[in-house]
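The structure appears below as structure tokens.
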Amino acid sequence: MVRGERGILFVVSAPSGAGKTTLVRKVISQLPRVSLSVSCTTRAPRPGEQEGVDYFFITRDEFSAMEREGKFIEWAHVHGDLYGTPRANLERLQHGEDLVLEIDTQGARKIRETFSEGVLIFILPPSLKVLGERIKARGGDSEEAIQARLQNAHKELDQKAWYDYIVVNTEIEEATRELASIIIAERCKTARILAGGRGGIYGTDNG
Ligand code: 5GP
């Protein structure tokens, strides 16, 4: 559906194992007019991951070529692999659709610095212990990869202070409500409603 106004760019970051992917997908399936930005990565697919749904799985050469051609709005090295957000994904914003970028803190910082827009949301695990258990339970990662992810998680957690919102994912239903509420509240911001001409008879020229 076209709303006649620009969609909102949401950036969601979390250390791996915080349950971000499940949470984001649940919210997107419940709300209209919001979709997920599928990134490109050079990492191998995990069991059950699908091309074009979870990621576009590409080679390092393909990634470098896209980077040279300016086809990423941001990209980063994460856990030894390359991850990037295709510029083309942002076109959906022009059709009034909100977009969720599930990217790491380096990518989020880049978005904050490059674009004047963007609502940044950080998902926190209930504790570091739970985080470790979730990373191990996921499967598909070697012991080395698990350790690297845990170390990186500590660094990522330090970045939460400059995000606009924090959702603690202790219980999935509660966290889903919180994330959905943030999206809905952002849609209702006065500045957005008036800029989009949705103030109706209560618009800016109504004294
Ligand atoms: P995973 O390999 O567990 O799917 O993702 C590892 C990390 O890379 C996560 O923190 C995820 O948010 C991040 N990531 C996924 N896609 C992108 C992207 O396009 N750009 C950046 N900067 N990070 C990404």
Exercise. Is Asp98 salt-bridged to Arg187, cutoff N-O under 4.0 Å?
Worked result: yes
Problem set entry | ring-ring contact (aromatic ring centres under 6.0 Å, His included) partners of residues 15-45, not counting sequence neighbours, each pair once | none
For this session: For Glu51, check side chain to side chain contact (heavy atoms under 4.5 Å, CB included) against everything at least two apart and list the hits.
Result: Phe56, Phe57
Exercise. Looking at residues at least two apart in the chain, or sitting in another chain, which of them share a side chain to side chain contact (heavy atoms under 4.5 Å, CB included) with Thr170?
Worked result: Pro126, Val168
Problem set entry | SB check Asp104 Lys155 (cutoff 4.0 Å) | no
For this session: Output yes when Glu186 and Arg192 qualify as a salt bridge under the 4.0 Å nitrogen-oxygen rule, no when they do not.
Result: yes
Exercise. Is the closest basic N to carboxylate O distance between Glu173 and Arg177 below 4.0 Å?
Worked result: no
For this session: Take Gln151 and Gln147, measure what side chain to side chain donor-acceptor pair (under 3.5 Å) needs, and give me the verdict at the end.
Result: CA-CA 6 Å; Gln151 264 189 11; Gln147 287 311 320; over 6 Å; no
Exercise. Sequence neighbours excluded, which residues qualify as side chain to side chain contact (heavy atoms under 4.5 Å, CB included) partners of Ala14?
Worked result: Ala18, Lys20, Ile123
Exercise. In chain order, what residues pass the salt bridge (charged side-chain N to carboxylate O under 4.0 Å, His left out) check against Arg109, with sequence neighbours excluded?
Worked result: none
Exercise. Counting N and O atoms only, with roles assigned by atom type, does the side chain of Arg87 sit under 3.5 Å from a partner on the main chain of Gly70, one being a donor and the other an acceptor?
Worked result: yes
Exercise. Of the options Trp75, Tyr55, Phe72, which is the one that meets Cys40 in a side chain to side chain contact (heavy atoms under 4.5 Å, CB included)?
Worked result: Phe72
Seminar exercise, completed: Residue pairs meeting ring-ring contact (aromatic ring centres under 6.0 Å, His included), one or both in residues 119-148, sequence neighbours left out, come to Phe122-Tyr163
